[in-house]
Amino acid sequence: MRQVVLKHALEDKPRAADFTLIDAPRPQCPDGGVLVTLSHVSMDPYVGARLRGRHMGEPAPEPGVEAIPGHGVGVVIESRCEDFAKGEAVHLMEAGWREYAAAPASAARRIDTEGIDPALHLSALGMPGLTAWAGITRLAQVCEGETVLIDAAAGAVGGTAGQIARAKGAARVIGIAGGPEKCALVTGEYGFDACIDYKQDGWEARLKDALPDGLNVHFENVSSDILNLALTMMKPYGRAILCGLAAHYQTGQPAPGINFGPVIGARAGLHGLVVYDFYDRWDAFAGEIAPMVREGRLRLAHDIADGLDAAPAAFERLMDGKNRGKALIAL
């Protein structure tokens, strides 16, 4: 079995040269668990911090030994439990960048692949989708007629969040993304009303022009700088969802502080979002979102690395923000 591992311990932002592909024994199916041949594995921005032991207290994988962490989907080839049968499609929380993965039944979920690409269970119907759904429907509780602002709007979480907000009746959904290609994806494929390119000079003024009446909900994925700007445009009793700080994941430095003046002035609510808190609601999320995906009412672009050999270079692109859509490895 082939798998991707670190060459050495990391201190800085991961580069393609920091990874290597090795041969390892195929895992054994555990008692009460399953053995799965993987078809797709997820690459996620937070993993860059996890590889340095700087994400939510989770340890970095052992260099040269442990596969790079990532959710995965595939087919059960051996089962030693009553919950899953051979041939069933499943999602694994901890699959790793490798060809086969073993897991206890508690760490596997049966997935619906009827009319749905299995890869979507790592994007719109995976952890990014669950994150977006939790933030929009459970924390922000977006209502009909509201205006929603989302940064990193071309990403898997941001793109899904905007489409769910629209489905919940948001009157206007505005995105922030980097570059004309990503902005075209946000407005053309995901259906946002406008997308502001933060790489262009004067983007802050254009953002304010796009929100002449202010906003009700801001979904923050990038930085405290953008959050502070959004708070100056918040309507009374607006809500800001603090999902991520991607711009700070690889710096090793804490994000600058929040300006609380606009928070007080708008009587705004700030909600931290950690997706792990919503794992027990995955069935409710999937039940609501799967029909939207199957019917084409919710779409998400995939940026796919073809095979484990291509994974290190694809992950470097992800770390540099050059991916277009959800980053995945197809096996």
Side-chain angles (χ1 to χ4, degrees), residues 3-20 41-72 92-98 122-123 126-132 134-135 150-161 176-178 198 219-227 241-258 271-279 303 305 311-323 325-329:
Q3 66 181 33
V4 180
V5 299
L6 286 174
K7 288 182 179 178
H8 47 73
L10 296 183
E11 292 295 332
D12 300 313
K13 181 166 66 172
R15 303 285 85 189
D18 294 322
F19 302 91
T20 189
V41 179
S42 177
M43 293 187 284
D44 297 288
Y46 77 89
V47 171
R50 183 173 173 183
L51 295 181
R52 306 196 306 281
R54 298 175 182 171
H55 177 74
M56 306 284 294
E58 296 174 329
E62 183 180 351
V65 177
E66 295 182 85
I68 304 304
H71 289 212
L92 299 182
M93 303 294 189
E94 288 287 350
W97 298 9
R98 52 190 173 183
L122 295 175
S123 59
M127 187 170 66
L130 177 63
T131 305
I150 300 170
D151 59 8
V157 173
T160 305
I176 302 173
Y198 72 84
F219 197 111
E220 181 56 62
N221 292 302
V222 178
S223 72
S224 55
D225 291 337
I226 296 179
L227 172 62
I241 306 303
L242 312 183
C243 177
L245 295 169
H248 308 287
Y249 286 163
Q250 315 309 326
T251 65
Q253 300 296 321
I258 296 173
H271 302 269
L273 169 57
V274 176
V275 68
Y276 303 156
D277 296 342
F278 295 89
Y279 276 8
D303 191 324
F315 192 68
E316 180 173 317
R317 290 200 310 274
L318 174 65
M319 292 294 95
D320 292 339
K322 296 179 180 179
N323 59 299
K326 177 69 184 81
L328 301 170
I329 307 165

### Query
Would you say Lys7 and Asp18 make side-chain contact, with heavy atoms under 4.5 Å?
no

### Query
Taking side chain as C-beta onward, heavy atoms only, is Val222 less than 4.5 Å from Tyr198?
no

#### Entry: Spacing of Leu6 atom CG and Phe19 atom CZ [to the nearest 0.5 Å]
5.5 Å

### Message
Once rounded to the nearest 0.5 Å, what's the spacing between atom NZ of Lys322 and atom CD of Glu316?
### Response
7.5 Å

### Message
Using 0.5 Å steps for rounding, measure from the CG atom of Asp151 to the SG atom of Cys243.
### Response
9.5 Å

### Query
Are Val65 and Val5 close enough that some pair of their side-chain heavy atoms sits under 4.5 Å apart?
no

### Task
Side-chain contact test, heavy atoms from C-beta onward, threshold under 4.5 Å: evaluate it for Met43 versus Asn323 and give yes or no.
no

### Query
Looking at residues at least two apart in the chain, or sitting in another chain, which of them share a ring-ring contact (aromatic ring centres under 6.0 Å, His included) with Phe278?
none

### Task
Heavy atoms only: give me the nearest Arg15-Met319 pair and the separation to one decimal.
NH2-CB, 3.8 Å

## Note on the structure
Between the CD1 atom in Ile329 and the CZ atom in Phe315, the distance rounded to the nearest 0.5 Å is 9.0 Å

### Query
Considering the options Lys326, His71, Arg50, which one meets the side chain to side chain donor-acceptor pair (under 3.5 Å) requirement together with Asp44?
Lys326

### Message
Quick check for you: to the nearest 0.5 Å, what is the distance between Leu273 atom CG and Thr131 atom OG1?
### Response
6.0 Å

### Query
What closest approach, in Å, do Ala67 and Pro61 show between heavy atoms, and which atom pair accounts for it?
O-CB, 4.1 Å

### Query
Side chains of Val275 and Tyr46: closer than 4.5 Å at any heavy-atom pair?
no

### Task
Could you tell me the separation between the CG atom of Leu242 and the OG atom of Ser224, rounded to the nearest 0.5 Å?
10.0 Å

### Task
For Ala161 and Ala132, work out which heavy atoms get closest and say how close.
N-CB, 3.4 Å

### Query
Under the criterion side-chain contact (heavy atoms from CB on, under 4.5 Å), which of Leu51, Leu318, Ile68 is the partner of Pro14?
Leu51

